[in-house]
Amino acid sequence: MQKERISDDIYVFTSELYAQVTAGAVVGADGAALIDTLPFPSETRQIKEFVEKRLGSRVRYLINTHYHSDHTNGNCFFPEAEVIGHWQAREKLDTIGREALAKARPQMPELAEVEVRLPTLLVDQGPLFLHLGRKTLQLFHTPGHSSDSLSVLLREDKILFAGDMMMPLPHIVDGDIDDEIRSLNLISPLNLENVVQGHGEIVLRGEIDDAVRANLKYLDSLRKKIEALVKKKRPREEARAIEIESCGKNRIALNGAVVQLHAGNCLALYDRLAAA
Ligand SMILES: [Zn+2]
């Protein structure tokens with residue numbers, strides 16, 4: 001796991017075990033809030049040790065940006081923290097999440113100790129504000145990657161933890177392309193110092209607008225290509241064969257994992273447009 005301090009009392013942790021997934025910590029005088037927890041207990045424990053032992057804080061709040069296991073597996077390691085998420089994250093973790101964990105466990109012994117722990121403080125449409133020391137955390141609904149996706153804005157520092165709404169490649173297989181476009185369009189007007197993506201490198205001030213534009217361009221180009229196939233009643237395999245470069249993205253981000261994400265996007269969008 002890599003650890004980076006990006007501002008006073010704000011830390012980002014990046015997994016070295018799975019797809020550069022990120023987690024964050026906001027550490028105030030009266031306790032800490034975590035934003036996601038990384039998928040594997042060995043790395044979650046490093047976050048816990050760092051916040052509790054090294055910084056001498058205690059985790060009071062744990063925010064789930066969405067229900068996917070690479071972001072929520074660590075919930076159970078903070079039994080005293082209040083878990084916060086979108087109400088749909090609670091529902092999905094309780095059903096799809098439980099099933100996925102039961103399926104993954106036999107193949108991954110490192111997940112033996114992971115238990116599903118559900119959010120108890122729930123967000124719906126409007127924002128939820130959390131005050132921690134001198135920091136204000138603003139949680140708001142940013143669907144697209146999934147219907148339950150939340151982002152967390154650290155208002156004083158102008159840092160956005162965007163969850164998987166912002167990634168080196170947008171991923172809409174479990175979500176919706178129009179929601180994702182709407183959510184991405186919320187980023188630039190916030191005039192941010194940093195965007196912490198759900199996976200991959202932190203996006204710095206001067207790069208944010210370009211990164212958002214590139215993601216919007218990708219989605220636009222993907223949609224046009226798939227629409228053309230569906231209109232001509234071309235077979236599904238042709239959607240899978242659309243090269244990532246032809247949609248304006250390269251295949252090296254996230255150590256190549258974006259190629260899989262892109263293939264998933266192509267098929268999911270094909271299925272939705274063909275059904276419509
Ligand atoms: Zn993820």
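Only heavy atoms go into these numbers, but all of them, side chains included; no hydrogens, no water, no symmetry mates. Whatever order the structure lists them in is the order used to number ligands and atoms, beginning at 1.
Between His68 and His66, the ring-plane angle classifies as perpendicular under the 30° and 60° cut-offs.
Annotation: cation-pi pair Lys48/Phe78 present, NZ/CZ under 6.0 Å from the ring centroid and within 45° of its normal.
Residue contacts to the Zn ion (ligand 1): His71 brings an N, O or S atom closer than 2.8 Å. His66 lies apart from the Zn ion (ligand 1) in this respect, since none of its N, O or S atoms is found at a distance under 2.8 Å.
If you put the vertex on the Zn ion (ligand 1), OD2 of Asp70 and OD2 of Asp164 sit 170° apart, to the nearest 10°.
In this model, a donor atom of one side chain and an acceptor atom of the other lie less than 3.5 Å apart for Asn265 and Tyr218.
Counting only heavy atoms from C-beta outward, the side chains of Leu101 and Ser69 never approach each other to under 4.5 Å.
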